[in-house]
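Before any comments, here is the structure.
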Protein chains: 2
Amino acid sequence: MPPAKKFGLQYFCKTIQILSKEGLNSRLNMKTTEGDQKPVIGTAEPVEGERPTLKTIAFMAGLGVTTVSRALKDAPEIGQATKNRVQLIAKQIGYRPNRAGVRLRTGKTNVISLVLNAQSEIMGLTSNMVYGISEVLSETPYHLTVTPYSVKNDPMQPIRYIVETGSADGIIMSRTEPNDPRVRYLTEHGIPFATHGRTEMGIEHPFHDFDNEAFAYLSVKSLLARGRRRIAMLAGPSPSVTYYRHLHRGFSRAVEEGGASTVAVSDIDVDTSLGRIRNRMEEIMSASNRPDGIVCCSGSAAIALVAGIEAAGLKIGGDVDLVSKQSTDVLQWFRPQIIVFNEDVRHAGRELARAVLRRIAGVDARELQSLSYPDEHDLRS
Amino acid sequence: MPPAKKFGLQYFCKTIQILSKEGLNSRLNMKTTEGDQKPVIGTAEPVEGERPTLKTIAFMAGLGVTTVSRALKDAPEIGQATKNRVQLIAKQIGYRPNRAGVRLRTGKTNVISLVLNAQSEIMGLTSNMVYGISEVLSETPYHLTVTPYSVKNDPMQPIRYIVETGSADGIIMSRTEPNDPRVRYLTEHGIPFATHGRTEMGIEHPFHDFDNEAFAYLSVKSLLARGRRRIAMLAGPSPSVTYYRHLHRGFSRAVEEGGASTVAVSDIDVDTSLGRIRNRMEEIMSASNRPDGIVCCSGSAAIALVAGIEAAGLKIGGDVDLVSKQSTDVLQWFRPQIIVFNEDVRHAGRELARAVLRRIAGVDARELQSLSYPDEHDLRS
DNA sequence: TCCCAAATCTGAAACGTTACAGGTAGGCTA
DNA sequence: TAGCCTACCTGTAACGTTTCAGATTTGGGA
């Protein structure tokens with residue numbers, strides 16, 4: 001008979017005592033050492049190839065499955081000694097709850113879903129977001145699943161899918177619109193979520209946002225400080241996305257305050273292909289009323305902008321200044337040097353993950369709203 | 001009594017007939033229209049707030065749950081008429097199998113896990129990989145979960161977790177090593193996987209790889225064609241990663257063939273911070289034995305390289321030429337123009353996803369190995 | 001007319017977990 | 001001593017699915 005290796009004699013005895021009740025062994029349907037009827041008990045190694053379940057622990061501890069389940073989650077009706085013992089066994093045999101079992105019984109998935117637009121990739125945004133979220137989730141039982149959708153498709157589609165199939169406990173999504181149907185839908189259905197970006201629909205929900213108004217304002221200010229008077233902006237996607245408005249608000253305010261004028265940049269935005277941005281920029285910079293200061297809200301677009309500007313025979317820093325937002329540090333090393341403000345998307349990911357988790361835990365949405373501010377790195381000053 | 005809206009009289013009658021057996025209604029535990037005993041049947045709308053299950057369909061069709069389950073997966077022992085009927089009902093009420101139920105019963109998770117190194121982000125790699133994979137999975141019942149690990153941690157850790165908890169049906173991972181313990185472990189455990197990158201351990205497994213040897217070879221060739229004689233390379237991560245060797249093989253071969261010489265680039269690689277790359281590059285380019293041609297295998301590193309080169313007072317295209325791999329199209333617009341070869345990571349993601357799925361389906365590993373070739377975009381020629 | 005096989009269909013059990021509704025033992029009060 | 005309360009533990013049922021081992025029906029051959 002194998003000795004009760006690490007659990008001490010008491011557990012062994014208790015188990016034997018339980019075993020003496022007739023039929024228990026077969027009722028528990030446990031593996032036995034071949035030939036005789038003595039089951040493998042008391043050993044602390046993960047003995048069987050199969051994954052341990054509550055039943056395994058219950059068998060080893062000589063307890064009921066229910067008791068084990070409760071002991072593992074520190075329920076008040078279980079004695080402290082029992083809890084300690086159960087938790088020790090669980091740890092030693094490497095017990096991990098079966099997620100399918102939990103999910104089937106409770107409906108809890110332990111999944112957070114990141115819903116992403118697969119078309120509009122702003123340099124480094126997706127990856128940093130993913131890593132930021134993972135960083136937080138890795139210390140929890142939650143897993144991250146990614147649910148992308150094409151910009152041509154209905155953004156509601158993945159959301160509906162998740163809700164209808166109950167495939168996540170919480171959702172993180174970006175590119176919010178002022179009146180965002182996803183926010184309305186999820187709120188109505190009581191599904192916890194957090195958005196990267198704000199809305200303007202009177203619904204309080206968790207969000208994290210970069211202060212694009214401040215970014216645009218500061219960007220224009222720094223252009224004005226360099227004596228630029230004719231300011232243009234390559235803005236966030238379509239006007240339907242909320243931060244487009246923030247950008248324009250900050251932009252207009254700074255331009256007005258500085259008594260400068262604006263030059264419209266039509267036909268292109270940060271979702272446009274870099275080739276088109278370059279070409280259109282060349283046109284714009286070749287016109288007589290060309291801007292002498294440009295604000296850009298995407299790092300990769302900025303590189304294309306520069307290409308267009310130079311194609312028009314103009315010089316950054318001389319004929320025109322450029323300020324850009326960046327979400328990696330690549331632009332820091334880009335020549336000609338441009339003025340950059342950093343958006344820490346990884347941090348945003350962390351904030352969003354924390355927000356959904358706390359929302360799931362029942363925290364009021366208003367406590368889960370945060371803003372982060374542009375961080376200027378002007379390498380030229 | 002509600003009419004059998006869309007299913008025709010026969011189903012209605014059949015249902016009624018079934019219902020007439022006493023107790024069936026309560027046995028099925030179905031909701032009934034309040035007051036009387038007539039259950040809601042035959043209606044094709046998703047009537048109840050609750051999600052339909054097999055039981056719902058069974059009830060509506062007047063069949064057993066088992067039959068419905070089988071009918072939905074086209075089992076041979078079910079009559080064609082029944083199949084059609086069941087599938088129609090399922091479609092109309094929007095039935096979707098409960099993943100937890102399936103997973104608990106069969107052990108199949110319908111999840112593919114992408115295991116990622118969260119530190120070494122090569123510009124655009126992660127996001128494009130994610131999108132490529134999703135593109136393929138979106139047409140299947142599979143979901144994508146992302147499991148990142150820090151480069152400081154044991155790369156085996158996430159793999160072990162997935163295997164031990166059975167949390168995915170297949171795994172996609174990158175940064176393979178010639179003798180990769182993950183590949184060995186997964187092969188031994190019979191878990192389907194596909195790697196981005198090859199191994200050299202005599203184990204046949206599905207992979208997709210970019211031909212880095214060809215990339216390095218062609219890069220050096222194009223430098224030689226420009227009259228460059230002293231060639232250097234900023235190589236892939238540590239020598240422990242397989243593609244490092246491929247790069248060097250292609251590099252050495254081309255250098256030898258051209259009778260050129262090499263300049264070692266020590267202390268930095270594509271995993272190093274861009275700031276260090278820039279500074280180190282400035283040192284290297286200030287030395288007397290500086291290279292006049294450089295190969296770089298990461299787009300973001302290339303930008304830092306250029307910064308270092310220019311800091312040393314040298315001119316790209318004049319004093320030195322630079323070739324870089326890129327996995328987005330950003331470098332296309334970068335000035336000074338450098339020679340670029342494209343690696344289509346999104347395509348790699350698609351290939352990898354298809355490979356795991358086919359591996360799960362039992363296809364031989366040797367049929368699931370593919371290579372993609374560098375695609376030159378030299379804007380200067 | 002009867003019987004057998006093929007064609008369809010069926011309920012029960014099981015996967016691992018948690019919720020529910022108890023059960024038992026021991027100590028305290030009356 | 002009985003009765004009751006508390007502390008601790010228990011078995012059963014259920015979540016939705018698939019598998020197993022039949023059950024029923026149908027049709028054809030003898």
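We name chains A, B, ... by the order of the sequence lines, and we start the count at 1 in each one.
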Nucleotide-resolved protein contact map, nucleotides 17-23 of chain C, B/S/- at heavy-atom distance under 4.0 Å: BBBBB--

Measure [atom1]/[X] against [atom2]/[N] and give the value in whole Å, please.
X	N	atom1	atom2	result
A:Leu72	D:dC9	CG	P	13 Å
B:Leu104	D:dA14	CG	P	16 Å
B:Ile57	D:dG16	CD1	C1'	12 Å
B:Ile78	D:dT25	CD1	P	16 Å
B:Glu77	C:dT10	CD	C1'	12 Å
A:Gln80	D:dC9	CD	C1'	15 Å
B:Ile93	D:dG16	CD1	C1'	14 Å

What distance do [X] atom [atom1] and [Y] atom [atom2] have between them, rounded to the nearest 0.5 Å?
X	Y	atom1	atom2	answer
B:Glu351	B:Leu368	CD	CG	10.0 Å
A:Gln157	A:Thr147	CD	OG1	10.0 Å
A:Ile78	A:Arg85	CD1	CZ	11.0 Å
B:Tyr95	B:Asn98	OH	CG	7.5 Å

Could you check whether any side-chain heavy atom of A:Val183 comes within less than 4.5 Å of a side-chain heavy atom of A:Phe193, counting everything from C-beta outward? yes

Are side-chain heavy atoms of A:Val111 and A:Tyr142 found at a separation under 4.5 Å?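 A:Val111 does not reach A:Tyr142 side chain to side chain.
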
